[in-house]
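FYI, side chains are in, hydrogens and waters are out, and symmetry mates aren't considered; it's all heavy atoms of this structure.
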Protein chains: 2
Amino acid sequence: MVEPARTAPSKPASLSESLTRRLEDLILDGTLKPGGKVPSERQLSERLGVSRNSLREALKMLRGRGLIETRHGQGSVVTGLVPRLHQEGPLMLLYQEHPRILYDLLEVRELLEGRAAFLAAERAREIDLNRIAHAFRALEAPPHDTDPEEVARCDHAFHQSIYEASNNPVLIHTLESLLQPMRQSVVASVKNLYHRTASKKQIDRHHRQIYHAIVGRQPEWAEKAARAHIRDIRSRLQEIEKEEQRLDRSTSWERMIGS
Amino acid sequence: MVEPARTAPSKPASLSESLTRRLEDLILDGTLKPGGKVPSERQLSERLGVSRNSLREALKMLRGRGLIETRHGQGSVVTGLVPRLHQEGPLMLLYQEHPRILYDLLEVRELLEGRAAFLAAERAREIDLNRIAHAFRALEAPPHDTDPEEVARCDHAFHQSIYEASNNPVLIHTLESLLQPMRQSVVASVKNLYHRTASKKQIDRHHRQIYHAIVGRQPEWAEKAARAHIRDIRSRLQEIEKEEQRLDRSTSWERMIGS
DNA sequence: ACAAACACACTGGTACTACCAGTTTACTGT
DNA sequence: ACAGTAAACTGGTAGTACCAGTGTGTTTGT
């Protein structure tokens with residue numbers, strides 16, 4: 001049987017949960033300013049009329065979402081709105097602490113996007129090809145004067161137009177559910193890669209290869225090019241990470257996302 | 001000056017935090033399966049040797065990240081990395097009316113299971129191999145006297161043990177979210193295939209090939225065999241469907257699922 | 001007078017107990 | 001056989017006591 005609606009609007013919810021929401025609201029409306037200190041647990045719990053236990057659980061929840069940071073003996077501080085971007089999915093939050101799963105993701109992505117390119121080259125309809133062509137032109141058009149953010153968006157749109165042309169709903173839905181939650185980070189990584197002219201040239205080359213293979217109805221080439229593309233990105237990210245680990249101890253992701 | 005690292009690699013951290021990581025790992029490596037129930041708090045806290053309090057805080061953190069869902073009086077369940085595809089529906093409902101997307105699914109499955117077999121042959125640990133061997137024996141053991149339902153279950157368990165051995169969380173969760181919602185129907189289809197001795201022999205042959213390739217550490221063979229297996233199933237189903245369409249107008253799926 | 005050492009008052013972190021509140025299960029009485 | 005209830009789960013809150021870092025005073029040694 002179908003279970004009752006999973007997302008009731010305005011749950012009565014548990015106390016710790018409603019506490020979480022109250023604190024979130026306080027952060028959002030500026031009562032608790034980013035960078036500012038959160039009142040101590042004992043203080044808050046008394047003022048809100050709840051046990052320190054429940055209050056702590058609410059704080060843990062906020063901490064899990066990256067809204068506050070806590071240091072033993074000092075207190076908690078509001079981290080600000082930037083982490084709010086990561087709110088989009090479990091994958092996103094998780095891979096900040098387990099960077100390895102980014103490579104696992106790229107491994108799967110190589111498979112799926114490769115196949116998507118193959119299928120696109122094989123069965124794309126005219127309207128699909130038009131969309132791809134449009135996205136491709138947007139990607140190639142302005143070699144300068146565009147902000148990296150926009151370029152990254154176009155990059156994503158290009159890939160999207162391709163796997164949507166595969167006409168395989170399962171494939172589309174799977175890729176969508178994999179990529180969409182991490183869109184922000186993908187944007188960040190692409191932005192990072194585009195900074196390096198060598199990387200950019202190679203990426204553009206791959207994009208061209210994929211595009212022409214698809215419009216030229218060359219499934220095998222398209223798949224090969226798409227897989228090479230993802231593999232290339234994967235190894236470049238790996239390279240960058242190693243590099244940064246050599247320079248300082250912070251991982252590349254912090255600064256990519258941090259800004 | 002950049003503020004101190006937000007995600008220091010391997011902090012000694014607090015207990016509840018390390019608990020969070022441990023649980024995350026359990027989810028990532030598939031010990032805690034998406035959709036599966038998390039042991040009760042009292043149980044877990046005792047087994048891990050920590051207070052229920054700390055454990056609860058760890059769970060709250062996971063809950064804040066959307067990795068688990070908790071219901072009063074029932075317990076917690078793992079939600080998975082990938083949003084459960086179509087749990088309430090689109091796919092499941094859709095494909096009853098449009099059987100074609102079953103083939104789309106098998107297309108994606110061929111990719112993913114092929115790669116999973118490859119990775120399993122490459123990086124399976126002993127415990128993984130043991131699980132695979134166990135599932136394989138259960139699948140081969142009794143050539144008769146078992147009901148088709150049970151055989152189908154073993155079949156699924158075998159495939160599951162393989163992709164769980166891939167040690168790629170993204171791959172595992174993707175396949176899980178693809179297959180689990182349709183498990184009923186897959187069971188039905190396999191049950192159907194097993195009725196035909198010719199099909200059964202070929203399927204068993206494929207299973208053996210996959211198994212030996214994995215335990216023999218032959219990634220390429222494993223992938224080839226796994227893909228051939230899915231492809232074979234796909235074509236056989238297609239065959240059956242055509243057959244039944246010739247016999248009467250009702251598609252095979254209605255009766256398979258209908259029961 | 002200066003600086004190191006200490007004591008104390010914070011902060012969050014863990015533990016344990018007791019109890020409340022939903023769910024499920026199993027037993028009971030009709 | 002069935003309905004109804006009691007008990008045994010489940011998670012949720014509360015409260016206390018104590019441990020462990022952190023900062024800030026005061027005291028103490030030179």
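Between B/Arg56 and D/dG12 there is a side-chain polar atom (N or O) within less than 4.0 angstrom of OP1 or OP2. Applying the 4.0 Å criterion to OP1 and OP2 of C/dT24, one finds that B/Gln74 has a side-chain N or O inside that range. For C/dG12, the OP1/OP2 oxygens have no side-chain nitrogen or oxygen of B/Ser14 closer than 4.0 Å. The phosphate of C/dT14 has neither OP1 nor OP2 within less than 4.0 Å of any side-chain N or O from B/Ser51. Here B/Ser16 reaches the OP1 or OP2 of C/dT14: one of its side-chain N or O atoms lies under 4.0 Å away.
DNA chain D is contacted by both A/His72 and A/Glu57; A/Glu57 maps to the nucleotide lying nearer its 5′ end (nearest heavy atom per residue).
Here the side chain of A/Glu41 is nearest to one of C/dG13, D/dG23, D/dG12, namely C/dG13. Comparing atom distances between the B/Ser54 side chain and each of D/dT13, C/dT14, D/dT10 picks out C/dT14 as nearest.
Distance check, rounded to the nearest 0.5 Å: CZ of A/Arg63 to OG of B/Ser16 gives 7.0 Å.
Taking the centre and axis of the six-membered ring of B/Phe118, the NZ or CZ atom of B/Arg115 falls inside the cone set by 45° and 6.0 Å.
Here D/dG11 presents its P atom at 9 Å from CD of B/Gln43, a figure rounded to the nearest Å. Note: CG (A/Leu19) to P (D/dG12) measures 13 Å, nearest angstrom. We find that CD of A/Glu46 is positioned 14 Å from P of D/dA14, with the value rounded to whole Å. Put simply, CZ on B/Arg42 is 15 Å from C1' on C/dA15, counting in whole angstrom units. One can place CG of B/Leu15 at 13 Å from P of D/dA20, the figure rounded to the nearest angstrom. The separation between A/Lys60 atom NZ and D/dG12 atom P is 17 Å, rounded to whole Å. Taking atom CG of B/Leu44 as the reference point, atom C1' of C/dA15 lies 17 Å away to the nearest angstrom. Rounded to a whole Å, the NZ atom of B/Lys37 is 12 Å from the P atom of D/dC9.
Taking the charged nitrogens against the carboxylate oxygens, B/Glu113 and B/Arg234 have no contact shorter than 4.0 Å, which rules out a salt bridge. Comment: B/Lys200 engages B/Asp204 in a salt bridge, judged by a side-chain N to carboxylate O separation of less than 4.0 angstrom.
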Discussion item. Run the salt bridge (charged side-chain N to carboxylate O under 4.0 Å, His left out) test on B/Arg131 and B/Asp128 for me, step by step, so that the C-alpha distance in whole Å, both residues' side-chain angles and the decisive distance to 0.1 Å come before the verdict.
Written reply: CA-CA 5 Å; B/Arg131 267 201 282 266; B/Asp128 296 323; 3.7 Å; yes
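Between the side chain of A/Arg52 and the base of C/dG13 there is at least one donor-acceptor pair of N/O atoms closer than 3.5 Å. On a pure distance criterion of 3.5 Å, no polar donor-acceptor pair joins the side chain of A/Asn53 and the base of D/dG12.
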